[in-house]
There are 2 protein chains.
Amino acid sequence: MKTTIEIEQVAVILKLLGDKTRLTMMKILDGGACCVCEFVEIFQMTQPAISQHLRRLKDMGLVQEEKKGQWVFYSINENNIYYPFVTQILNQLPSQKDKLEDLEKQGKRISCC
Amino acid sequence: MKTTIEIEQVAVILKLLGDKTRLTMMKILDGGACCVCEFVEIFQMTQPAISQHLRRLKDMGLVQEEKKGQWVFYSINENNIYYPFVTQILNQLPSQKDKLEDLEKQGKRISCC
DNA sequence: ACTTTAAATAAGTATTTACTTATATAATAA
DNA sequence: TTATTATATAAGTAAATACTTATTTAAAGT
């Protein structure tokens, strides 16, 4: 089943991705779930700033959250209508896994489960 | 030859495309050159508003202009580093050629050459 | 219970954005 | 030359954006 993509809606998605923080977040999440506090470390931004970016991505349905204890993990919502579209964009971006590796080295990676 | 795409630069491109007017402009130009006054008709916006959108696209190198008499025609700049990236996005958008056909019916299409 | 940690929300602010109207530039037509 | 048409630029404005700090909510550890 393929729903017709509206150009206006695509513009909204692109505007959302047209921010280096959110775009990098999406690329990171493309490699697996990530926790809010990890993003705070990675981007060296205040926690509210990170939460607000994640909320915008969630409001658009691009990501979903899952609570695990005191942490909240975000992940790509593969069921979103625009997931195939977004994936095509993310696939063209350079890997950001070095950012997670740096976290790991600092011992700041939150191990889920 | 493939230049590495920087995620920050991609964010800038996406922000530029994250506007329904500019995104539609790019999709229309994907089908061939178009003149400023045609865009004014299509989008029913003031001429300065159209010119300003086109200038932003030109400043980023996504489009190029060519003067033909009193008209200025804009077209996709296929030599831009980000052209392959942008094309992948445009290819996923619904055709906008109905907009040009409507112009044609109204006799408002500028015939180049 | 109290403290700590993680995250969300609220409210305020500086900057950016997309428009507007007015004016300037440039080419063609009379 | 003068008028007309097409476009660009300038300046102003309302709304949106991405932050900030302060506060609230909620879970876990003591």
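Since this is a predicted model, take the numbers as computed values, not measurements. All values below come from the heavy atoms of this structure, side chains included, with hydrogens, waters and symmetry mates left out. Here is the naming used below: chain letters follow the sequence lines, and residue numbers restart at 1 for every chain.
- Straight-line distance from the CZ atom of B/Arg56 to the C1' atom of D/dT7: 19 Å, rounded to whole Å.
- Atom CZ of A/Arg22 and atom C1' of D/dT17 are 8 Å apart (whole Å).
- Atom CG in B/Asp19 sits about 11 Å away from atom P in C/dT17, given to the nearest Å.
- With distances taken from any side-chain atom of A/Thr46 to the nucleotides C/dT20, D/dT21, C/dA7, the minimum falls on D/dT21.
- The closest donor-acceptor contact from the side chain of B/Lys27 to the backbone of B/Leu93 lies under 3.5 Å.
- Using a 4.0 Å heavy-atom distance criterion, B/Phe39 is classed as making no nucleic acid contact.
- Residues B/Arg55 and A/Lys15 both approach DNA chain D. Their nearest nucleotides, taken by heavy-atom distance, put B/Arg55 toward the 5′ side.
- We find that NZ of A/Lys58 is positioned 9 Å from C1' of C/dA8, with the value rounded to whole Å.
- Between the side chain of B/Glu38 and the backbone N or O of B/Cys35, at least one donor-acceptor pair lies under 3.5 Å.
- Residue A/Tyr74 places at least one side-chain N or O closer than 4.0 Å to OP1 or OP2 of C/dA8.
- Between the side chain of A/Asn77 and the backbone N or O of A/Gly61, at least one donor-acceptor pair lies under 3.5 Å.
- Between A/Cys37 and B/Thr21, the residue anchored nearer the 5' end of DNA chain C, judged by the nucleotide with its closest heavy atom, is A/Cys37.
- Nearest-nucleotide assignment on DNA chain C puts the 5′-proximal partner with A/Ser51, out of A/Ser51 and B/Gln70.
- Atoms CD (B/Glu38) and C1' (D/dT5) sit 15 Å apart, rounded to a whole Å.
- The interatomic distance linking A/Leu16 (CG) with D/dT17 (P) rounds to 9 Å, in whole Å.
- Of the possible polar contacts, one joining the B/Arg22 side chain to the B/Leu16 backbone as a donor-acceptor pair under 3.5 Å is found.
- Evaluation of atom-type donor-acceptor distances gives no pair under 3.5 Å for the side chain of A/Gln52 against the base of D/dT17.
- Both B/Ala49 and A/His53 lie close to DNA chain D; mapped to their nearest nucleotides by heavy-atom distance, the more 5′-ward contact belongs to B/Ala49.
- No donor-acceptor pair under 3.5 Å is formed between the side chain of B/Gln70 and the backbone N or O of B/Lys68.
- Contacts of B/Lys20 with the nucleic acid, taken as non-hydrogen atoms under 4.0 Å apart, are absent.
- One N or O donor and one acceptor, one from the side chain of B/Gln47 and one from the base of D/dA8, sit under 3.5 Å apart.
- Between the P atom of D/dA18 and the CZ atom of A/Phe43 lies a distance of 14 Å, rounded to the nearest Å.
- Listed candidates were D/dT20, C/dA8, C/dT21. Nearest to the side chain of A/Val36 is C/dA8.
- What separates CG of B/Asp59 from P of C/dA18 is a distance of 13 Å, to the nearest Å.
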